[in-house]
Amino acid sequence: MPETVVTRFAPSPTGFLHIGGARTALYNWLLARANNGKFLLRIEDTDRKRSTDEAIEAILNGMKWMGLDWDGDAISQFDRADRHREVAEAMLASGHAYKCFSSPEETAELRDAARAEGKPFRGDMWREKQDQAPANTPYSIRIKMPREGSHAIDDQVQGRVEVQNAELDDMIIMRSDGTPTYMLAVVVDDHDMGVTHVVRGDDHLNNAFRQIPIYKALEWDIPTYAHIPLIHGPDGKKLSKRHGALGVEGYEEMGFLPEAMRNYLLRLGWSHGDEEIIPTAKAIEWFTLENVGKSPSRFDFDKLDFVNSYYMKELNGSELLPYVQSDLEEQVGHALDATEVERVTKALPSLAERAKRLPDLHEGASLFCNTRPLSLTDKAAKQLSGDTVPMLGSLTPVLEKVSQWNADDIKAAIVSFAEAEELKLGKVMQPVRAAVTGGKQSGDLAETLEILGQEETVARLRDVVAA
RNA sequence: GGUCCCUUCGUCUAGUGGCCUAGGACGCUGCCCUUUCACGGCGGAAACACGGGUUCGAGUCCCGUAGGGAUCACCA
């Protein structure tokens, strides 16, 4: 029987959920869901100075928006400090760790000096002098790293990676104020939470080698590692906060659908042959770590737009409406009435045909709201000059007489009008479109008029003729 | 600087020694469709970083060079 897969996402709450974190979370979530396992969430808030409640909120909201649900409650790492301390004490007792009486300032000085000389700094000032421990002096606890040999991990993404133990420093696992450091806390928490697969950014690859000795000291099983490459900005530079990195809520505001984000982020660094459109259900079916790429990738808005437009087209009018209604109401300046809701709902699918992002939708949808008289774009105004106005004047009564207000009959009426007047169809259609839409982008004209309704159509035409 | 990782079209990628005169997608672009804008259809330009090996044969394996990235805290 295969072991149950348990993954986790462990962000530190020092800012929003950025795009790289979102992808890491997605991969962890997918791995768990694909294997019928568990996906846990742990907030790494042991750094009290930098952690904020706002950031925790932002991260949780980001996860929810992305549709990444976690099993059980989100765990606060800080709440587990007692347990971390207990483990540190145990390591001290077993001789796998020792007390360090150097102050932070002193340590920094020694480190800088060592680096200036080009020598490695291992922080092992007190490693061999435990018998000289001063009384009443605060101390931190450092791990006693092995100095001989090496160890290797079989990373599920990076392959076999080996590091010499001599490269490792005696890092601090418990600060002099009694709080645990990250290196200790991750190991203890991952173990206690039963995490089997650690999937995280490859900026942690080196950390794996510093964490493994802790597992060994405690005689715990070492999890399977998968270090995924980082995401860079469109310019190839690291995606940092000052470099255009946005929280996922930024993408929500730009008008991207969560499903599109999931698809795009999944495909950025992972592949399943030539598949491009991968709905989440398929992703769960197909996801494996071995198909994760090894090289960093760049974020590309053009492709995200493409994916997003695909998913928008998949939705029907009433599914689309909630995404646009409030922005639309803001734009037209009033709450939509029942007629408007009906018109907009009908129009949305064809609007989605030519939209990339959600805001493109309410731009076009506003045309189906009652906002007479319409303001005309320059282009529309230009088309509504000269003899097109009297032409519209004669067309209006014709449309008024259409008894069955549907696209086919409307089109037939316009066509026979054009024939009678010996005008090219375009010469009639274009001005009507301009008059009725005010120059806004819209789909098939007859269909647009049908949705708008006879009364509103005629009224808009009259507005132009009267002007 | 030490250590570690990475390197196929502009971008995301397929490719696991012969199926590759390197495939798909986005973007760009020609044509067609068309009442606008789109969508769609059919085409096009566009890549194995470089140099050595190994092999009958290398994008695929090995070594080196170059470039990019990560990391070296009492941050996570």
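Below, read A as the first sequence line, B as the second, and so on, with proteins coming before strands; counting in each chain starts at 1.
With rounding to whole Å, A:Arg115 atom CZ is found 13 Å from B:G1 atom P. Distance A:Asp203 CG to B:C6 C1': 14 Å, rounded to the nearest Å. Atom pair A:Asp177:CG and B:A73:C1' shows a separation of 14 Å (rounding to whole Å applied). Separating the CD atom of A:Glu109 from the P atom of B:A73 is a distance of 15 Å, rounded to the nearest angstrom. Rounded to whole angstrom, the span from the CG atom of A:Asp170 across to the C1' atom of B:A73 amounts to 15 Å. Rounded to whole angstrom, the span from the CG atom of A:Leu230 across to the C1' atom of B:U71 amounts to 11 Å. The nearest whole Å value for the distance from the OH atom in A:Tyr182 to the P atom in B:A73 is 15 Å.
Counting only residues at least two apart or in different chains, side-chain hydrogen bond (donor to acceptor under 3.5 Å, both in side chains) contacts with residues 348-359 of chain A comprise A:Asp305-A:Arg357. Within the structure, side-chain hydrogen bond (donor to acceptor under 3.5 Å, both in side chains) pairs that include any residue of residues 378-394 of chain A do not occur (at least two apart or interchain). Listed by first then second residue, pairs satisfying ring pair (Phe, Tyr, Trp, His ring centres under 6.0 Å) with a partner in residues 148-174 of chain A read A:His151-A:Phe209, not counting sequence neighbours. Listed by first then second residue, pairs satisfying side-chain hydrogen bond (donor to acceptor under 3.5 Å, both in side chains) with a partner in residues 409-422 of chain A number zero, not counting sequence neighbours. Pairs passing the ring pair (Phe, Tyr, Trp, His ring centres under 6.0 Å) check and including a residue from residues 348-369 of chain A, sequence neighbours excluded, do not occur.
RNA chain B lies under 4.0 Å from at least one heavy atom of each of the following residues of residues 138-147 of chain A: A:Arg142.
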Legend entry - Nucleic acid footprint by protein, nucleotides 28-46 of chain B - heavy-atom cut-off 4.0 Å, B for base, S for sugar-phosphate alone: -------BBBSS-------
Inset, instruction - Using a 4.0 Å heavy-atom cut-off, write out nucleotides 7-24 of chain B from 5' to 3' as B (base contacted by protein), S (sugar-phosphate only) or - (no contact). - result: S---SBSS--------BB
Inset, instruction - Using the side-chain hydrogen bond (donor to acceptor under 3.5 Å, both in side chains) rule, take A:Glu148 and A:Asn165 through it: C-alpha gap first, then chi angles, then the decisive distance, then the call. - result: CA-CA 6 Å; A:Glu148 305 293 319; A:Asn165 288 335; over 6 Å; no
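Phosphate proximity of B:C74 to A:Arg111: present, with a side-chain N or O under 4.0 Å from OP1 or OP2.
A donor and an acceptor atom never sit less than 3.5 Å apart when one is taken from the side chain of A:Thr107 and the other from the base of B:C74. For A:Asn207 and B:A76, a side-chain-to-base donor-acceptor distance below 3.5 Å is present, hydrogens and geometry of angles not being considered.
Among the nucleotides B:A76, B:C72, B:C4, the one closest to any side-chain atom of A:Gln77 is B:A76.
Every residue meeting the side-chain contact (heavy atoms from CB on, under 4.5 Å) condition with A:Thr396, not counting sequence neighbours, appears here in chain and number order: A:Val458, A:Leu461, A:Arg462, A:Val465. Qualifying side chain to side chain donor-acceptor pair (under 3.5 Å) partners for A:Asn263, counting only residues two or more places apart in sequence or in other chains: A:Tyr311. For A:Arg50, the side-chain contact (heavy atoms from CB on, under 4.5 Å) partners at least two apart in sequence or on another chain are A:Thr14, A:Asp47. Residues that satisfy the side chain to side chain donor-acceptor pair (under 3.5 Å) test with A:Glu105, not counting sequence neighbours, are A:Ser103.
The aromatic rings of A:His272 and A:Trp286 sit parallel to each other, their planes meeting at less than 30°, with 60° as the upper class boundary.
Just one residue in the list A:Asn28, A:Asp190, A:Asp189 forms a side-chain hydrogen bond (donor to acceptor under 3.5 Å, both in side chains) with A:Arg8, and that residue is A:Asp190.
Nearest-nucleotide assignment on RNA chain B puts the 5′-proximal partner with A:Gln164, out of A:Gln164 and A:Asn206. Position along RNA chain B of the nearest nucleotide to A:Glu162 versus A:Leu304 favours A:Glu162 as the more 5'-ward residue.
A 3.5 Å limit on both hydrogen-bonding distances identifies no Watson-Crick or G-U partner for B:A14. Across the strands present, B:A70 finds its partner in B:U3; the criterion is a Watson-Crick or G-U wobble pair with both atom distances under 3.5 angstrom.
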